[in-house]
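Every chain is numbered from 1, with letters handed out A, B, ... down the list of sequences.
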Number of protein chains: 4
Amino acid sequence: MTSDSRPLSRAERKKQELRGEIINAAFDCFADLGYHAAGISDIAARLGIGHGTFYRYFQNKRDIVDHVIDDLVTRIMTALTAENAPDAVSTLDAYRAQTERIGDSLARIFADDPRVPRLLLLEAAGIDKAMADRVLEFLNTATALTAAYLSHGVELGYLRPDLDVENTARAINGMIMAGALASLDAPTADQQRQFSEAVRRLMYDGIAAHL
Amino acid sequence: MTSDSRPLSRAERKKQELRGEIINAAFDCFADLGYHAAGISDIAARLGIGHGTFYRYFQNKRDIVDHVIDDLVTRIMTALTAENAPDAVSTLDAYRAQTERIGDSLARIFADDPRVPRLLLLEAAGIDKAMADRVLEFLNTATALTAAYLSHGVELGYLRPDLDVENTARAINGMIMAGALASLDAPTADQQRQFSEAVRRLMYDGIAAHL
Amino acid sequence: MTSDSRPLSRAERKKQELRGEIINAAFDCFADLGYHAAGISDIAARLGIGHGTFYRYFQNKRDIVDHVIDDLVTRIMTALTAENAPDAVSTLDAYRAQTERIGDSLARIFADDPRVPRLLLLEAAGIDKAMADRVLEFLNTATALTAAYLSHGVELGYLRPDLDVENTARAINGMIMAGALASLDAPTADQQRQFSEAVRRLMYDGIAAHL
Amino acid sequence: MTSDSRPLSRAERKKQELRGEIINAAFDCFADLGYHAAGISDIAARLGIGHGTFYRYFQNKRDIVDHVIDDLVTRIMTALTAENAPDAVSTLDAYRAQTERIGDSLARIFADDPRVPRLLLLEAAGIDKAMADRVLEFLNTATALTAAYLSHGVELGYLRPDLDVENTARAINGMIMAGALASLDAPTADQQRQFSEAVRRLMYDGIAAHL
DNA sequence: CATGAATGAGTATTCATTCAT
DNA sequence: CATGAATGAATACTCATTCAT
């Protein structure tokens, strides 16, 4: 099975490796300088390769930023879904624990490298109409995922039966975005956790007093 | 009364008028084409003026986008504060009504011209490091404002005494952002209202079932 | 006689006055900033007039610089000729005294306002092919004048009969130029006089020892 | 020996070659059109290269003119010093012969390519304050060199002991400048030689009659 | 396959000049 | 007649992309 992909070994592996390194270098450059200010030569220089080489791995500047964003989106979507399928829980407490795990997971990503939210939420949309659409689409996808969690909860009865699933999901995602943006100024894991907790309190207890 | 400001009349008034028109045209261009894709000539062409004229009113391309953003920020901050001072209410119901008014106000702005949230939330941050900072700063200011509302509520006892005011404010603003972004895809006033309602339900009732 | 030029009086006099002031202001600007760096608005601003007014007095930027240079050339040619006609002297001593007077006269001009030699010798030729020609023409005129002095001396026998009048005149003018340029670095009247003296010693005694 | 500098060979040599050609083309353009009238595209067009290529070799327009002037200055200073060290002679006759050689050398440069003195003496100073300073500095350097020759002569006793070395050197250089400028109108080698001779007669015999 | 020299499309900006007020 | 708002020609410079070596 895997044997027929082996012949590419030596060379092909090197190639894939460099390709990955270019994506990482591009990520660094775009995050540090901004997409428009970063040049192909900056990316190449960071790797010590000729900038002509870049074009052996990617069509053009616009091409690579797509791959960079792909990377980020994948990283985040993985955190959101990994071992936390929407239908994995069946009680409110379990759900709350699940959301906490997801929150922590995201917090770790954002705190680990604030350039991730910076690129995704600040830089990306300014690149292009197309990229702005991609960002919105990503948010919609994330919303759909959140909505799936909520739907499951409504179906199983541990969430309000009259919950406006779609809009609530959107609102929850907005809070996550706010957390991500907050991590740009104060990327403390602690601060992240507190924000996460505040969101959960909001979701489960509301803001009103006695009730 | 107004007579002493009249001397500037004729010419000066025309000048201010054109200045405003340039800001509007620039807003249109940046929203339609994106900051980087929009040229000074696009702005000038839209007004039927020579592009040299532009430079009589603004230092350079970077200069005007600041004014455009100023406009948007002012428009939004006005909506957030006008006749809705943080200390204007003293009961939960009144507060809820107040948040509803504010939400409607924002919804109107976003629905009226979806280019406002598009430029502010998608385009602006990608222009520049400096502009990205301005956007974050704007969000922080908005958060501080929301926090003031919440603080007032905690002090008067109609909001949870253990409310994490700062982070909750941030979370609420995140939801507003999500609403603004949603208005890009579906700028229906109706949809806005529903989202707004979902947020309020979330804030006051939480998402859990029985409770 | 003069009565028929009077009607223009009031207005016309004012006009000529302003015209002169514009020339002076232009001289200042061109000397301070250089012809290319100086703008019409700089000239107008220096006089506190609108820059549109400039065009009521001069065709264009190129036009006025001609007038400015005219001024300088006239000032210098006047010094070179005033009460010092080529045929005014008839002995070597008298000639030497004459050259000394002329030298002093020039030294005074250059020391008074180093911007005169700067504009004429450094700035002017770089403006234009046409202006470069004018500068060369001016030098040629000055050379012709000097040659006239020398011719007179040869004819009257107090200068070498085999003097290469033309080339010697050119050489002498070169020394004057050198003096003018030197005045840019050290515009001391004293230094000017010493240079002047060195030139005269060279002209009359040569540089060799015994002789 | 030269083998270890060879590695740069192929490509590097081509590069240096093109660099030199650009300098020459720039020299042509600046001399023909004047610095301000000449565009980068003129330089590139003259070589049949893309104007972007220019910027691979020089920072900007101002950068290259410095190199062009460097070239000229070097060419002239070389002629002034090559095999003609100030202390190479010890008698008046030998000195006179030396000055003749130097004069011839310069005459050849100026007659060969009148664009050299044109650019250096007419065009350059009008470019910039900085370039005007460079020109003056160049003249000062040349003066210092001439002064060294004269000092040597005074010390060895074949030049007047009371010679004002500094100012005489300046005066002599002024005559050279005049010769250079004269070559613009009549770049005949013959005319140059005559001028040169007139200067030497002036320096050694003065202008006065019998004496 | 890596390289980097060559390229030129694209654009912000300046400033002399005009002309309506 | 003075003014300065409007104008647009003119140009230096950048950088993504190509392709010969």
Side-chain angles (χ1 to χ4, degrees), chain A residues 11-12 14-15 18 35-45 47-64, chain B residues 10-12 14-15 18-19 22 36-45 47-64, chain C residues 11-12 14-15 18 35-45 47-64, chain D residues 10-12 14-15 18-19 22 36-45 47-64:
Chain A
E12 190 64 15
K14 278 277 177 205
K15 195 155 184 174
L18 179 51
Y35 174 74
H36 292 283
I40 297 299
S41 45
D42 290 314
I43 299 171
L47 290 173
I49 64 172
H51 65 275
T53 307
F54 171 90
Y55 286 91
R56 298 211 146 272
Y57 292 83
F58 297 94
Q59 292 282 323
N60 50 41
K61 189 180 176 182
R62 192 49 179 69
D63 183 23
I64 198 180
Chain B
R10 226 74 43 103
E12 191 64 15
K14 277 271 176 209
K15 201 158 182 178
L18 179 51
R19 195 185 149 86
I22 293 177
H36 292 284
I40 296 300
S41 44
D42 292 314
I43 299 172
L47 289 173
I49 64 172
H51 65 277
T53 306
F54 171 90
Y55 287 94
R56 288 188 59 73
Y57 291 84
F58 298 94
Q59 293 281 323
N60 49 43
K61 191 179 174 183
R62 191 50 177 68
D63 184 24
I64 199 180
Chain C
E12 189 64 15
K14 277 278 177 205
K15 195 156 188 176
L18 179 50
Y35 174 75
H36 291 284
I40 296 300
S41 45
D42 291 313
I43 299 172
L47 291 173
I49 63 172
H51 65 275
T53 308
F54 171 90
Y55 287 91
R56 300 213 145 272
Y57 292 83
F58 297 94
Q59 293 282 322
N60 50 40
K61 189 180 176 183
R62 190 51 178 70
D63 182 24
I64 198 179
Chain D
R10 226 70 48 101
E12 192 63 17
K14 277 271 176 208
K15 201 160 181 176
L18 180 50
R19 196 185 148 86
I22 294 177
H36 292 284
I40 296 300
S41 45
D42 292 313
I43 299 172
L47 289 173
I49 64 173
H51 66 276
T53 306
F54 170 90
Y55 287 94
R56 288 188 57 73
Y57 291 85
F58 298 95
Q59 293 281 323
N60 49 42
K61 191 180 174 182
R62 192 49 178 68
D63 184 23
I64 199 180

Position toward the 5' end of DNA chain F (nearest nucleotide), Ser41(A) or Ile49(B): Ile49(B)
Report yes if a side-chain nitrogen or oxygen of Thr53(B) is closer than 4.0 Å to either non-bridging phosphate oxygen (OP1 or OP2) of dA5(F); otherwise report no. no
When rounded to whole Å, the CD to C1' distance for the pair Glu12(D) and dT3(E) reads 15 Å
Just N and O in the side chain of Tyr57(D): are any of them under 4.0 Å from OP1 or OP2 of dA5(E)? no
Between Lys15(A) and dC1(E), is there a contact of a side-chain N or O with OP1 or OP2 at under 4.0 Å? yes
If you pin His36(C) and Gly48(A) to their nearest nucleotides in DNA chain E, which one's is more 5'? Gly48(A)
In whole Å, what is the span from the CZ atom of Phe58(C) to the P atom of dA2(F)? 13 Å
Could you list all N or O pairs between the protein and nucleotides 17-21 of chain F that sit under 3.5 Å apart?
residue	atom	partner	partner atom	Å
dT17(F)	OP2	Tyr55(A)	OH	3.1
dT17(F)	OP2	Lys61(A)	N	2.8
dT17(F)	O4	His51(A)	NE2	3.4

What contact category does Ala38(A) fall into here, base, sugar-phosphate, or nothing, at under 4.0 angstrom with non-hydrogen atoms? sugar-phosphate
Tell me, please, which residues at least two apart from Ser41(D) pass side-chain contact (heavy atoms from CB on, under 4.5 Å). none
Let me have DNA chain F in dot-bracket notation, would you? Count Watson-Crick plus G-U wobble pairs, both distances under 3.5 Å, and use [ ] for pairs crossing earlier ones and | for inter-strand partners. .||||||||||||||||||||
Going by the rule side-chain contact (heavy atoms from CB on, under 4.5 Å), which residues pair with Arg62(D) if we only count those two or more places apart in sequence or in a different chain? Tyr35(D), Asn60(D), Val65(D), Asp66(D), Ile127(D), Asp128(D), Ala130(D), Met131(D)
Least distance between heavy atoms, His36(A) atom then Lys61(A) atom: O-NZ, 3.7 Å
Hey, could you give me the CZ/CD1 distance between Arg56(D) and Ile22(D), rounded to the nearest 0.5 Å? 10.5 Å
Tyr55(C): what forms a ring pair (Phe, Tyr, Trp, His ring centres under 6.0 Å) with it, not counting sequence neighbours? none
Is Leu47(C) close to Thr53(C) at the side-chain level, that is, under 4.5 Å between some pair of heavy atoms? no
Nearest-Å distance for atom pair CD1/C1', residues Ile64(B) and dT13(E): 15 Å
Rounded to the nearest Å, what distance is computed from the CZ atom of residue Arg19(B) to the P atom of nucleotide dG4(F)? 19 Å
Distance, nearest 0.5 Å, that separates CD1 of Ile64(D) from CD1 of Ile43(D): 5.0 Å
For Phe58(C), all residues meeting ring pair (Phe, Tyr, Trp, His ring centres under 6.0 Å), sequence neighbours excluded: Phe54(C), His67(C)
